[in-house]
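Structure record follows, encoded as structure tokens.
Atoms considered below: every heavy atom in the structure, side chains included; atoms not considered: hydrogens, waters and symmetry mates.
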Amino acid sequence: MIKVRFAPSPTGYIHIGNFRTALVNFLFTKSKNGHFMLRIDDTDDERSSKEYEDAIKEDLTWMNINWDSLERQSSRLLSYNEALETLLEKKRAYPCFETAEELSLKRKSQLTSGKPPIYDRSALKLSDSDIADLKSKGKKPHYRFLLNHEDVNWNDLVKGESKYNMSNLSDPVILREDGRVIYTLASVVDDIQFEVTDILRGEDHMTNSAAQIQLFEALGSLSPKMGHLSLLTDNTGSGLSKRIGSLSLRELRSQGFQPMAISSLLAKIGTSDSIDIFKDMKQIVKSFDISKFGNSKPKFDKTELSALNSKFFQLVDYKDISHQLNILDIKITNEFWNLIRGNINNFYDVKFWWNIVYGDIKEVSNDLDFKKLALQTLPKERFDKNTWSVWTNSLMKESGKKGKELFKPLRLCLTGQSNGPEMANLVLIMGKDKIKERLNKNN
RNA sequence: GGUCCCUUCGUCUAAUGGUUAGGACUCAGCCCUUUCACGGCUGCAAUAGGGGUUCGAAUCCCCUAGGGAUCACCA
């Protein structure tokens with residue numbers, strides 16, 4: 001069975017890039033009847049918090065991404081220590097005693113002299129007695145994984161045949177001086193133990209993956225299949241991750257964007273499928289194929305998201321959105337929803353139209369003569385489905401106006417807007433009293 | 001700076017050496033609707049630049065330019 005994991009670290013809110021990774025993993029596994037694991041990567045307990053973990057879960061739930069199992073790295077520390085022992089026995093891990101400051105300085109001087117800032121492995125030269133000596137002086141080691149300096153090859157699920165030469169990389173630190181494990185190792189240990197079959201993530205993990213493939217092997221396991229998605233950029237082409245703040249899921253939610261609009265866009269952007277709104281997650285799952293993802297960096301454009309958002313409202317039936325409408329402190333009926341659904345770009349537009357139909361509006365029209373005529377010709381009898389044509393016909397005769405000349409000002413008088421829902425239905429729902437009130441109102 | 005990845009209409013992309021370089025979105029025009037929207041039809045619009053290889057290059061090779069990623073005791 002296919003098993004994937006989404007492994008956020010609870011150090012912030014999920015943003016659009018993170019979420020795309022979650023979504024792609026979810027769609028990939030669900031399209032193969034697989035298992036989706038949520039793994040909280042909280043090994044960095046200085047930056048991690050329970051609040052963020054809860055927020056991540058809440059956001060995923062809001063987006064209709066449900067996990068089949070949940071793991072937390074902070075509860076699995078023993079396994080990581082065992083793995084380190086194994087690596088030490090196999091001479092694939094070694095202790096180092098440089099301080100963070102020393103390493104940072106070293107990198108800087110390497111960079112300024114035009115060299116790649118790769119760790120020089122000087123700790124490897126330490127003899128057993130050197131190490132014992134340093135330890136006896138109270139120095140605490142951190143540990144690195146000893147890379148084999150050779151090509152690592154893999155068949156990437158997205159990019160195809162890939163390779164990376166490991167001599168371009170520093171031996172990754174896998175255990176901190178204070179004894180806390182680091183992601184590189186923890187992730188591999190978990191993937192082995194939970195039998196993850198496929199790892200899908202952003203291409204910023206490309207070199208991690210290469211190193212981790214060696215780590216899988218060093219721990220006596222076969223590497224899962226790897227796939228690397230190109231990173232999203234903003235509409236100027238620069239990296240999105242730098243501005244995660246304004247593009248968090250929570251931000252989008254508070255701006256009135258719908259989960260299906262977000263998922264529809266993120267599931268299809270960068271693929272050879274056309275971008276269109278999906279009604280529910282099942283439909284996206286059906287159309288999903290990892291091989292449809294390309295290698296170039298798609299631009300994330302919020303206006304594209306807005307367009308999908310509007311389309312979603314046109315598509316969604318009252319029964320499927322009424323639970324959401326309930327959070328607005330106004331009563332929305334089926335009839336009202338059907339009236340306005342074609343004119344909603346953003347969830348809060350519901351309230352905007354409610355106010356226009358039932359509430360008070362500031363600006364009407366200042367065409368007094370026209371309003372007077374409209375009031376005179378307004379049918380006296382009870383409103384029904386013919387009211388609109390009866391009214392506009394007689395108004396047409398009285399005013400001598402027709403077509404746009406007639407309808408645009410009338411719409412403006414009644415709603416204060418130059419466009420909006422179907423007028424014939426709108427007057428029925430708005431009712432005679434409200435219409436009179438609008439036509440009598442003078443600015 | 002080393003390494004890796006990327007570059008086709010404005011946008012997302014298709015075209016496994018031979019196509020009139022195709023589709024979707026946007027945009028424009030027309031039709032429909034006694035208005036806007038929806039819908040339908042039509043149209044505008046691209047191979048980053050320069051060299052090769054080849055009868056023939058978007059496609060293969062080299063160079064240049066631009067963008068991104070990575071080289072953390074973050075994940």
Suppose you measure atom [atom1] in [N] against the same atom in [M]; what distance do you get, rounded to whole Å?
N	M	atom1	answer
A14(B)	G23(B)	P	15 Å
U53(B)	C12(B)	C1'	33 Å
C61(B)	C73(B)	C1'	44 Å
U59(B)	C27(B)	P	33 Å
C9(B)	A46(B)	C1'	4 Å
G43(B)	C5(B)	P	41 Å
U7(B)	U47(B)	C1'	10 Å
U3(B)	C44(B)	C1'	43 Å

Can you tell which of [options] lies closest to the side chain of [X]?
X	options	value
Gln314(A)	C38(B), C73(B), A75(B)	C38(B)
Asn208(A)	A75(B), C73(B), G1(B)	A75(B)
Pro298(A)	C73(B), C38(B), U13(B)	U13(B)
Thr207(A)	U70(B), C73(B), C38(B)	U70(B)
Leu103(A)	A75(B), C36(B), C73(B)	C73(B)
Pro117(A)	C73(B), C5(B), C71(B)	C71(B)

Checklist entry - What do you reckon, are the aromatic ring centroids of Phe6(A) and Phe26(A) less than 6.0 Å apart? => result no

Checklist entry - Is Ser264(A) reaching over with its side chain to a backbone N or O of Met260(A), donor-acceptor style, under 3.5 angstrom? => result yes

Under 4.0 Å from OP1 or OP2 of [N]: is there any side-chain N or O of [X] that close?
X	N	result
Arg107(A)	C73(B)	yes
Ser296(A)	U13(B)	yes
Ser170(A)	A72(B)	yes
Thr233(A)	G67(B)	no
Asn295(A)	C6(B)	yes

G-U wobble or Watson-Crick pairing nucleotide for [N] (cut-off 3.5 Å, both distances):
N	value
A28(B)	U42(B)
U3(B)	A69(B)
A15(B)	none
U34(B)	none

Can you tell me how far [atom2] of [N] sits from [atom1] of [X], to the nearest Å?
X	N	atom1	atom2	answer
Ile275(A)	G10(B)	CD1	C1'	14 Å
Lys408(A)	C36(B)	NZ	C1'	8 Å
Ile344(A)	C38(B)	CD1	P	14 Å
Ile56(A)	A75(B)	CD1	P	14 Å
Phe293(A)	U13(B)	CZ	P	10 Å
Leu229(A)	U13(B)	CG	P	11 Å
Asn168(A)	C5(B)	CG	P	11 Å
Lys299(A)	C6(B)	NZ	C1'	11 Å

With a 4.0 Å cut-off on heavy atoms, is [X] in touch with a base, just the backbone sugar-phosphate, or nothing at all?
X	answer
Glu203(A)	sugar-phosphate
Glu405(A)	nothing
Thr271(A)	sugar-phosphate
Leu111(A)	base
His228(A)	nothing
Gly294(A)	nothing
Thr43(A)	sugar-phosphate
Asp204(A)	sugar-phosphate
Met206(A)	nothing
Glu98(A)	base

No-hydrogen, no-angle side-chain donor-acceptor test under 3.5 Å, [X] and [Y]:
X	Y	value
Asn153(A)	Glu161(A)	no
Arg5(A)	Ser69(A)	no
Ser287(A)	Lys292(A)	no

Item to check | Carboxylate-amine/guanidinium contact Asp276(A) Lys311(A), below 4.0 Å | outcome: yes

Checklist outcome for this item: Walking RNA chain B from its 5' end, the first of Tyr119(A) and Asp273(A) to be reached, judged by nearest nucleotide, is Asp273(A)

Next on the checklist: Pick the closest RNA chain B nucleotide for Lys163(A) and for Lys297(A) by heavy atoms, then say which residue is nearer the 5' end.
Outcome noted: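 Residue closer to the 5' terminus by nearest nucleotide: Lys163(A).
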
Item to check | Ring geometry between Trp388(A) and Trp391(A) (parallel below 30°, tilted from 30 to 60°, perpendicular above 60°) | outcome: perpendicular

Checklist entry - When the ring planes of Phe28(A) and Phe288(A) are compared, do they come out parallel, tilted or perpendicular, using 30° and 60° as the limits? => result perpendicular

Item to check | Under 3.5 Å donor-acceptor pair, Asp276(A) side-chain atoms to A24(B) base atoms | outcome: no

Next on the checklist: Looking at the base of U34(B), is there any donor atom on it, or on the side chain of Asn393(A), that sits under 3.5 Å from an acceptor on the other one?
Outcome noted: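 Check passes, donor-acceptor contact within cut-off.
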
Next on the checklist: Could you check whether Arg39(A) makes a cation-pi contact with Phe194(A), meaning its NZ or CZ is under 6.0 Å from the centre of the six-membered ring and within 45° of the ring axis?
Outcome noted: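 Because its charged atom misses either the 6.0 Å distance or the 45° angle limit, Arg39(A) does not stack over Phe194(A).
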
